[in-house]
Structures are given as structure tokens and as C-alpha cells.
Amino acid sequence: MNIILLGPPGAGKGTQARRLVDERGMIQLSTGDMLRDARNSGTEMGNRVAGIMDRGELVTDEIVIGLIEEKLEGDTGGGLIFDGFPRTLAQADALEALLSRKGTGLDVVIEMRVDDETLVARIIARSTCAACGEVYNDLTRPVPDDGRCAKCGGMQFTRRADDNEESLKTRLLAYYKQTSPLIGYYHCKEKLRVVDGLGEIADVAASISEAMSKTP
Ligand code: AP5
Ligand code: MG
């Protein structure tokens, strides 16, 4: 099964994608993580996108579509979770074409709804394990008392350069202006399922499982 997790910054896309990877052996394709990897390894493309990401603007369609195209050349057997992609109608069209070329398609698009006030509170409190990428939150999912990542035992935690109030304003604006039209687009294609992203992480996971069981 191939799904999209669609939602604003801080909606919990990454958190839920990682659960689906652990529980169902699906493959997470996060363009945000791919771009951050490119930055950290200092590739030419990574250097080009660094400022754009820090400001909270969208990277060009050409770059992110290229990243997804490359990943789709690998094994996609366990089912795919698109996390943070597509974010524009052009990306949505490209994804459809790429999947159809592989003889497959999208099953469900899950819109995760969270109000803006909660998004800001979540993002300002987020940290990530530097070794394995597990996501924590000072308020709702703190790093364990022994200071070690619950998943890999790592002891270094990072905060994202774009997790500040100013960049977040730009990220939210980009979501409402460029990405939210995808909600209507997938609704018309009868792929859309809406999930309340405000509950506990486990409750949101249960709602996502239910949405996935009702494939169109
Ligand atoms: P990206 O990395 O995709 O960031 P984003 O969309 O802004 O989303 P986030 O990763 O911030 O939030 P999330 O929904 O994953 O939430 P999380 O699970 O971490 O993109 C970054 C940048 O890259 C973009 O701004 C753009 O520049 C570029 N980019 C990426 N893709 C692109 C594309 N396709 N096109 C163009 N440019 C692109 O959770 C957040 C926090 O909340 C965590 O602390 C977590 O522990 C906590 N939390 C999660 N769920 C719950 C819950 N239910 N209850 C309480 N706390 C919770
Ligand atoms: Mg994320």
C-alpha cells in the first residue's frame, strides 16, 4: 500500500511515518530528511537549498521530484509512505506519473489536522536523535531520563535550524498557499481521508490505521 501523509509543519507526519515503518515494514520517503542529509554531507545541491530551508520556503519542484525519482528506483516492496511530498500540484502530478511508470499508484492520502497554536508549541519543543532520527518533544515526548535515545541509545540530540518562530511563519504560509490545494485535489480523486492529529501519538496512529483499512 502506498500512502501520503499530508499536513502542516509539526502535524506529526514524521512521527507517524516512523511508527508505520516499525510496525508494518513500510518505507518512509521524507523529502525533508533527504534534503537535510544532502546539506549535512555538503553536496552541491545541499549547499544550494540550505538558505531556502532555513527561511522556511519550498525548495524547487525539480529538486524534490528528482530525489523521489531516485528513491523509487530502489526496492519499494513494503509499501511507501510519502512524508512531506508532494507539496505542490506539480509534485502531485509528477508522483502519479512516476508511480504509474512502476505499475503502481497511490492508495490513500491522509490529511492530519492540527491547529496552528499546537503546531507552534510542538515545533518549538522538538528535538531529534542525531544518530537515528527518532523525534522527541520537551513537552509531550521527552528524551528518557538517562539521556539516551529510546530507539538506538544515542546521546546527541539536535534542533532543526528552521524550528524557530520566524521560519515557522513562512513554513505555515507555504503550506496554506502551495500545499493545501492538494486537499481538494485528492478529495476529488476520492483518495482523501482526514485524521484528527491532536490526540496522543498512539491515538493518532490508531486513526491512521483505520483510515488505511478503508482504502477507496
Ligand atoms: P520537512 O522536514 O518535511 O518539514 P515540515 O513539513 O515542516 O514538517 P515537520 O517535519 O516540521 O513536521 P512533522 O509533521 O514531520 O512533525 P513531527 O512528527 O516531527 O521539510 C523541511 C523543509 O524542507 C521545508 O520547509 C522545505 O524547505 C523543504 N522541503 C521538504 N519537502 C519539500 C517538498 N516536497 N517540496 C519543497 N520543499 C520541500 O512532530 C513535530 C513535534 O510534535 C515532535 O516534537 C513530535 O514529538 C511532536 N508530536 C508529534 N505527534 C504528536 C502528538 N500526537 N501529540 C503530541 N506531540 C506530538
Ligand atoms: Mg517531518
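Counting starts at 1 for both ligands and their atoms, in listed order. No hydrogens, no waters, no symmetry mates; every other heavy atom, side chains included, goes into these values. What you see is a predicted model; the values in this text were computed from it and never measured. Starting from 1, each residue takes its place in the sequence as its number.
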| task | Can you pull out the closest protein heavy atom to atom 42 (O) of ligand 1? Residue, atom name and distance to 0.1 Å, please. | result | R122 CD, 3.3 Å
| task | Please say whether R171 places an N or O atom under 3.5 Å from an N or O atom belonging to ligand 1. | result | yes
| note | Which of D54, D162, D33 passes salt bridge (charged side-chain N to carboxylate O under 4.0 Å, His left out) with R39? Answer is D54
| Top protein contact for atom 26 (C) of ligand 1, by heavy-atom distance | E57 O, 3.4 Å
| R126 with D163: basic N within carboxylate O range, under 4.0 Å | yes
| said: So is R36 touching ligand 1 or not, going by heavy atoms under 4.0 Å? | reply: yes
| message | Would G14 count as a polar contact of ligand 1, with the cut-off being nitrogen or oxygen pairs under 3.5 Å? | response | yes
| Derivation of the side chain to side chain contact (heavy atoms under 4.5 Å, CB included) call for S180 and R87 | CA-CA 8 Å; S180 66; R87 266 168 142 102; over 6 Å; no
| Close approach, G7 and ligand 1, non-hydrogen under 4.0 angstrom | no
| message | Please report whether ligand 1 has a polar contact with T15, defined as an N or O pair separated by less than 3.5 Å (distance criterion only). | response | yes
| Do any N/O atoms on Q91 end up under 3.5 angstrom from N/O atoms on ligand 1? | yes
| Do F85 and ligand 1 have an N or O pair less than 3.5 Å apart? | no
| Can you find an N/O atom of A11 closer than 3.5 Å to an N/O atom of ligand 1? | yes
| field | For atom 56 (N) of ligand 1, closest protein heavy-atom neighbour | value | T140 OG1, 2.9 Å
| Should the proximity of V64 to ligand 1, defined as any heavy atom under 4.0 Å, be assigned to the side chain, the backbone, both, or neither? | side chain
| said: One pair to check against side chain to side chain contact (heavy atoms under 4.5 Å, CB included): Q91 and E96. What are the steps and the verdict? | reply: CA-CA 9 Å; Q91 292 177 24; E96 195 171 323; over 6 Å; no
| Which of the numbered atoms in ligand 1 are below 4.0 angstrom from a heavy atom of G84? | 31 (N), 32 (C), 33 (C), 34 (N)
| query | Any N or O on I52 sitting closer than 3.5 Å to an N or O of ligand 1? | reply | no
| message | Taking I201's backbone N and O only, do any of them form a donor-acceptor pair with Q16's side chain (distance below 3.5 Å, no angle check)? | response | yes
| message | Checking contacts here: is it the side chain or the backbone of L58 that comes within 4.0 Å of ligand 1, counting heavy atoms only? Could be both or neither. | response | both
| field | Pairing of R193 and E111 as salt bridge, 4.0 angstrom limit | value | no
| message | Can you tell me how far apart CG (D83) and CZ (R18) are? Round to the nearest 0.5 Å. | response | 10.5 Å
| field | Taking atom 19 (O) of ligand 1 as the reference point, the nearest protein heavy atom with its distance | value | R126 NH1, 2.6 Å
| query | What atoms in ligand 1 come closer than 4.0 Å to a heavy atom of Y136? | reply | 43 (C), 44 (O), 46 (O)
| Top protein contact for atom 24 (C) of ligand 1, by heavy-atom distance | R87 NH2, 3.8 Å
| Is there a side chain to side chain contact (heavy atoms under 4.5 Å, CB included) between I3 and L5 once you walk through the steps? | CA-CA 7 Å; I3 70 166; L5 294 180; 4.0 Å; yes
| SB check D22 K151 (cutoff 4.0 Å) | yes
| Are any of the heavy atoms in P86 under 4.0 Å away from ligand 1? | no
| message | With a sphere of 6.0 Å drawn around NZ of K177, does it hold more than 12 non-hydrogen atoms of other residues, nucleotides or ligands? | response | no
| field | Residues in ring-ring contact (aromatic ring centres under 6.0 Å, His included) contact with Y186, at least two apart in sequence or another chain | value | none
| request: Would you mind checking which non-hydrogen protein atom is closest to atom 28 (C) of ligand 1, with the distance to 0.1 Å? | output: L35 CD1, 3.6 Å
| said: Quick check for you: to the nearest 0.5 Å, what is the distance between S127 atom OG and E134 atom CD? | reply: 10.5 Å
| field | Structural part of R160 in contact with ligand 1, heavy atom criterion under 4.0 angstrom | value | side chain
| task | Identify whether the distance between the nearest side-chain nitrogen and carboxylate oxygen of E165 and K169 falls below 4.0 Å. | result | no
| Donor-acceptor side-chain pairing of T179 and R171 below 3.5 angstrom | no
| Is N137 in polar range of ligand 1, meaning some N or O pair under 3.5 Å apart? | yes
| Which protein heavy atom lies closest to atom 43 (C) of ligand 1, and at what distance to 0.1 Å? | V135 CG1, 3.5 Å
| Distance from atom 8 (O) of ligand 1 to nearest protein heavy atom, with residue and atom | K13 NZ, 3.1 Å
